[in-house]
Amino acid sequence: MPALPYPTYSLDKLYLFPLFQTREDYAKATGQEAPAFDPQRPPKYWFDPEAENSVRRNVIYNTVVSYAESGGLLVDEQGRPQTEAMLLMKHEAATVNIPPLETNVPGASAPCVPMPLRALDEQEELILGFGGIVLVRNKAVAEDVKEGFTPQDRALLQAIARKLNVPMEQMSA
């Protein structure tokens, strides 16, 4: 899938599978109750519907965001988020492990299993946004952005100004 035509966009645009924030979200989307939460396994909010069909015992996901064992994001020398491959047993890949919403559930605060991502397009890179949020940057579009607006944004603003009869000299102020 090619890069989206935006300077930056959220990481969820690269997700290979749906993400279920709660057990209720999972039930609503799949029509089935989520398996019981296993506190011995890390929380996992996605599943691979094809994993159980694999002839191998394990499934390899080529791109996930890298996290330390403690759950902290790993970055490279330039401060960009790192990626790595992830290996899961096929049964693990095929199921969710969503904790209940109650507080103080043992195992619920453990670092979760990262979501597999599609491969980055050659024009895409991962960056840290405000608050340390991982974002995707489209290098080709970002280079065209001046003062936070794309050429399409400026064209849209000019069209709105014409519709509202705003003099164009006020647009540059």
Side-chain angles (χ1 to χ4, degrees), residues 1-76 79-142:
M1 183 174 171
L4 296 176
Y6 307 111
T8 59
Y9 38 95
S10 60
L11 191 62
D12 68 337
K13 304 297 189 254
L14 305 183
Y15 288 177
L16 290 182
F17 310 107
L19 181 74
F20 307 101
Q21 297 287 342
T22 64
R23 300 177 62 76
E24 292 73 23
D25 291 344
Y26 177 88
K28 193 182 302 181
T30 65
Q32 301 174 359
E33 289 297 314
F37 177 66
D38 180 354
Q40 302 304 312
R41 295 176 27 226
K44 184 166 166 280
Y45 298 91
W46 60 271
F47 73 96
D48 179 347
E50 299 299 317
E52 286 289 356
N53 300 331
S54 175
V55 296
R56 300 174 190 250
R57 293 183 316 158
N58 299 306
V59 181
I60 298 173
Y61 299 98
N62 292 323
T63 309
V64 298
V65 174
S66 298
Y67 294 95
E69 211 171 304
S70 63
L73 181 68
L74 296 176
V75 296
D76 66 14
R80 294 180 305 220
Q82 294 181 356
T83 62
E84 64 185 345
M86 178 176 67
L87 175 77
L88 293 177
M89 294 187 72
K90 72 179 186 178
H91 176 71
E92 178 71 20
T95 60
V96 295
N97 192 34
I98 305 171
L101 292 176
E102 293 85 36
T103 58
N104 299 325
V105 174
S109 62
C112 64
V113 177
M115 170 69 81
L117 309 173
R118 70 165 170 77
L120 291 172
D121 181 89
E122 65 183 40
Q123 294 298 325
E124 292 174 318
E125 66 179 348
L126 298 182
I127 61 169
L128 287 179
F130 182 74
I133 303 290
V134 179
L135 297 173
V136 183
R137 179 177 175 265
N138 182 332
K139 295 182 274 189
V141 175

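If you read the sequence from its start, that first residue is 1, and numbering goes on from there.
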Side-chain heavy atoms of Val113 within contact of Met86, under 4.5 Å = yes

message = I need the minimum non-hydrogen distance between Val136 and Ser10, along with the two atoms involved.
response = CG2-O, 4.1 Å

query = Got a sec: does the CD1 of Ile60 have more than 12 other heavy atoms crowding it under 6.0 Å?
reply = no

message = Whether the side chain of Arg137 engages the backbone of Glu125 through a donor-acceptor N/O pair (distance < 3.5 Å, no angle test) should be reported.
response = no

query = Aromatic rings Phe17 and Trp46: how do their planes relate, parallel, tilted or perpendicular, breaks at 30° and 60°?
reply = parallel

inquiry  = Within the structure provided, determine whether Tyr26 and Gln32 are in side-chain contact (heavy-atom separation under 4.5 Å).
reply    = yes

Distance, nearest 0.5 Å, that separates OH of Tyr6 from CG of Asn138 = 11.0 Å

inquiry  = Looking at every non-hydrogen atom in both residues, tell me the closest pair between Ala93 and Tyr61 and how far apart they are.
reply    = CB-OH, 3.3 Å

ask   = Atom CG in Leu126, atom CG in Leu11: separation rounded to 0.5 Å?
value = 6.5 Å

key: Note, Val59 side chain near Asp48 side chain (heavy atom, < 4.5 Å)   = yes

message = Nearest 0.5 Å, please: how far is OG1 in Thr63 from CD in Glu84?
response = 10.5 Å

request  = Provide the closest heavy-atom pair for Met115 versus Pro18 in the form atom of the first, atom of the second, distance.
outcome  = CE-O, 3.7 Å

query = Sub-3.5 Å donor-acceptor pair from the side chain of Asn58 to the main-chain atoms of Leu87, do we have one?
reply = no

remark   = Closest heavy-atom pair, Ile98 versus Gln21, reported as atoms and distance to 0.1 Å, is CG2-O, 4.4 Å

key: Nearest-0.5 Å distance that lies between atom CG in Leu101 and atom CZ in Arg23   = 9.5 Å

key: Heavy-atom pair with the smallest gap, counting every atom of Glu92 and Lys44   = O-NZ, 2.9 Å

key: Any donor-acceptor N/O pair, Tyr9 side chain to Leu4 backbone, under 3.5 Å   = yes

inquiry  = Test your reading of the model: is there a side-chain donor-acceptor pair from Lys90 to the backbone of Val55, 3.5 Å cut-off?
reply    = no

ask   = What closest approach, in Å, do Pro43 and Pro111 show between heavy atoms, and which atom pair accounts for it?
value = CD-O, 3.8 Å

task = To the nearest 0.5 angstrom, please state how far the CE atom of Met89 sits from the CZ atom of Arg56.
result = 14.5 Å

ask   = Below 4.0 angstrom, N of the basic side chain to O of the carboxylate: do Arg118 and Glu124 qualify?
value = yes

inquiry  = Given 3.5 Å as the limit, does a donor-acceptor pair link the side chain of Asn97 with the main chain of Pro42, or not?
reply    = yes

ask   = Under the side-chain contact (heavy atoms from CB on, under 4.5 Å) criterion, do Leu117 and Val64 qualify, and how do the steps go?
value = CA-CA 6 Å; Leu117 309 173; Val64 298; 5.6 Å; no

note = Rounded to the nearest 0.5 Å, the OH atom of Tyr45 sits from the CG atom of Asp25 at a distance of 11.0 Å

